[in-house]
Amino acid sequence: MWFDEAIAEVLGGADALRGARGPRELEQAGAELIGAQLQRVLQAGRSGLWLDWWFEELVDAALARFAQARDRGDEAWQGSWLLLHALTSLGSPALASMAQYRINVARKRLGPDGRVQPAWLRQLAKIAATGEVWQARDVYGGRFAVIAGFEYPGGTDSSVFLFDIDASGFLDLISAGVYDDLAQAAAAWRDLVGDSATADPVPVRDVGDLACLVQFDSGEMALRGDESRARMDNWYRADRRVHDLAHALDKRGTPLQFDVSLYDGVDLEPMADAFAAWHVEQFGTGPGRDAVLALAEEWSEGALPGTQHVISPRRIEHILALVGDWLEDPVTEEVKALFPRWVRWHGEQAGLPEELIRASVELATTSAPAPADPADPVEHP
């Protein structure tokens with residue numbers, strides 16, 4: 001079990017939290033202490049991480065270290081005390097509540113020291129979304145920036161939180177972080193995405209446009225092992241901020257929809273029919289119906305609304321990987337042969353510039369799926 005070493009490292013670095021001058025600085029320092037350990041463990045190839053359980057153990061260990069230091073008259077209690085407050089701002093409501101309970105227990109031991117603690121410490125657990133939300137998408141339409149405003153009580157330490165989400169394949173939170181304002185967060189997102197991040201964020205008027213925020217996979221099973229440090233610094237905080245934002249929007253009467261499935265009830269016929277008609281117009285013959293429906297199913301299931309025509313490189317590689325696992329048969333071979341034309345059609349429907357369409361078609365043509373393993377075949381949809 002990796003718990004003990006990681007907890008010891010966090011607690012060993014907690015003294016650095018004493019330099020925080022406000023709730024935002026303390027929260028960030030706590031996030032970085034935790035993120036460093038999560039990334040280290042992840043890169044070591046650990047599996048079965050039980051990250052919520054680890055958070056709970058960290059809370060208990062912080063209280064124990066606080067109590068031991070107080071009993072010894074050791075100033076080290078301050079790092080653990082500050083860490084507990086940071087955890088109330090980072091953890092999910094359930095985890096934050098646990099940390100808050102431990103703070104209440106610890107406070108009874110402070111005595112006169114309790115009267116000289118900064119008043120802003122009590123604000124960390126009360127961070128809230130302002131309800132301001134902006135969104136931008138890359139030129140392909142599959143990479144999202146969702147930027148939401150946050151503040152502590154009384155408008156203290158106002159900031160924005162960036163969710164960098166890629167919906168080209170399985171929905172993935174690529175990065176996240178806290179920034180001073182919208183312009184700073186947008187610039188950070190453009191740096192992350194590169195040349196395809198051409199759009200400026202615009203205010204979100206319809207909460208339906210925030211589907212990417214509630215559909216990205218935040219579970220441990222989504223971890224690949226190559227996540228960025230920013231992602232691991234925000235492993236807990238990103239989920240907490242989604243909850244905070246959902247709470248603010250719910251109070252406004254515009255709740256986020258968390259129960260929408262991207263896999264149930266997908267109607268493949270309109271896409272298949274439209275592509276077949278285009279194929280006849282372009283090439284004089286219609287494609288095989290079974291192949292088109294199989295490709296439409298793989299392409300559409302799990303796709304976020306509004307991303308049906310995305311042909312980003314990641315989307316193409318994702319679909320090719322899925323098709324590469326299909327059982328080799330005539331339909332599979334037809335799908336592979338049809339795929340570059342399928343990509344071109346979607347690019348034209350999206351209204352992409354010809355140079356982007358051409359590049360995506362070339363990728364679809366040259367990055368053929370690896371042959372299926374005959375020992376473990378997967379039937380096509």
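- Applying the side-chain hydrogen bond (donor to acceptor under 3.5 Å, both in side chains) test to pairs two or more places apart or on separate chains, those with a residue in residues 188-202 are Asp164-Trp189, Arg190-Asp200.
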Report the C-alpha separation of Arg205 and Gln135 in whole Å, then their side-chain angles, then the decisive distance to 0.1 Å, and conclude whether the side chain to side chain donor-acceptor pair (under 3.5 Å) test is met.
CA-CA 10 Å; Arg205 305 299 184 192; Gln135 186 183 96; over 6 Å; no
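- The two residues Ala296 and Leu268 make their nearest non-hydrogen contact at O-CD2, 3.7 Å.
- The pair Glu27-Arg241 meets the salt-bridge criterion, with a side-chain N (NZ, NE, NH1 or NH2) lying under 4.0 Å from an Asp/Glu carboxylate O.
- Between Arg40 and Glu5 a salt bridge is recorded (basic side-chain N to carboxylate O distance below 4.0 Å).
- Between the side chain of Glu25 and the backbone N or O of Arg21 there is at least one donor-acceptor pair closer than 3.5 Å.
- In terms of modelled atom types and a separation under 3.5 Å, the side chain of Glu334 and the main chain of Gly288 share a donor-acceptor contact.
- Atom CG in Asn234 sits 4.0 Å away from atom CZ in Phe161 (nearest 0.5 Å).
- Remark: Asp233 CG to Ile34 CD1 distance equals 9.5 Å, nearest 0.5 Å.
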Take Trp50 and Phe3 through the ring-ring contact (aromatic ring centres under 6.0 Å, His included) test and state the conclusion after the steps.
CA-CA 9 Å; Trp50 301 98; Phe3 283 19; 8.8 Å; no
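- Judged by distance alone, with hydrogens and angles left aside, the side-chain atoms of Ser80 form no donor-acceptor pair with the main-chain N or O of Leu63 at under 3.5 Å.
- The pair Asp180-Arg24 counts as a salt bridge, with a side-chain nitrogen and a carboxylate oxygen less than 4.0 angstrom apart.
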Please report the C-alpha distance between Leu82 and Asp15 in whole Å, then the side-chain angles of each, then the deciding distance to 0.1 Å, and finally whether the side-chain contact (heavy atoms from CB on, under 4.5 Å) criterion is met.
CA-CA 9 Å; Leu82 294 171; Asp15 193 57; over 6 Å; no
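- Side-chain contact between Leu42 and Trp2 is absent, with no heavy atoms from C-beta onward closer than 4.5 Å.
- Contact check for Pro305 versus Leu262: side-chain heavy atoms found under the 4.5 Å cut-off.
- Listed for the Glu227 side chain is a donor-acceptor partner under 3.5 Å among the backbone atoms of Arg224.
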Glu56 vs Arg102, salt bridge (charged side-chain N to carboxylate O under 4.0 Å, His left out): CA-CA, chis, key distance, verdict:
CA-CA 11 Å; Glu56 294 172 1; Arg102 302 304 189 271; over 6 Å; no
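- Between the Gln257 side chain and the Ala211 main chain, no donor and acceptor come within less than 3.5 Å of each other.
- When all heavy atoms are compared, the tightest approach of Ala199 to Ala136 is O-CB, 3.9 Å.
- Here the shortest heavy-atom pairing between Gly141 and Asp138 reads N-OD1, 2.8 Å.
- In terms of modelled atom types and a separation under 3.5 Å, the side chain of Thr156 and the main chain of Tyr152 share no donor-acceptor contact.
- Relative ring orientation between Trp54 and Tyr236 is described as parallel, the plane-to-plane angle staying below 30° on a 0-90° scale split at 30° and 60°.
- No donor-acceptor distance shorter than 3.5 angstrom exists from the side chain of Arg109 to the backbone of Arg70, with no hydrogens or angles considered.
- Side chain of Thr307 to backbone of Leu304: a donor-acceptor contact under 3.5 angstrom is found.
- Salt-bridge formation is not detected for the pair Lys126/Asp244: no Lys NZ or Arg NE/NH1/NH2 atom is positioned less than 4.0 Å from an Asp or Glu carboxylate oxygen.
- Panel note: side chain Asp329, backbone Thr332; a donor-acceptor pair is recorded below 3.5 Å.
- Note: His346 and Trp299 have parallel aromatic rings, judged against thresholds of 30 and 60 degrees for the angle between ring planes.
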Between Glu348 and Trp278, does the side-chain contact (heavy atoms from CB on, under 4.5 Å) criterion hold? Intermediate values first, please.
CA-CA 11 Å; Glu348 291 179 0; Trp278 173 87; 3.0 Å; yes
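- Hydrophobic cluster membership is shared by Phe275 and Val331, with clusters built from Ile, Leu, Val, Met, Phe, Trp and Tyr side chains linked at under 4.5 angstrom.
- Looking at every heavy atom in both residues, Leu90 comes nearest to Gly30 through CD1-C, 3.9 Å.
- Under a 3.5 Å cut-off, the side chain of His85 and the backbone N or O of Trp81 do form a donor-acceptor pair.
- Residues Arg344 and Glu354 meet the side-chain proximity criterion, which asks for heavy atoms closer than 4.5 Å.
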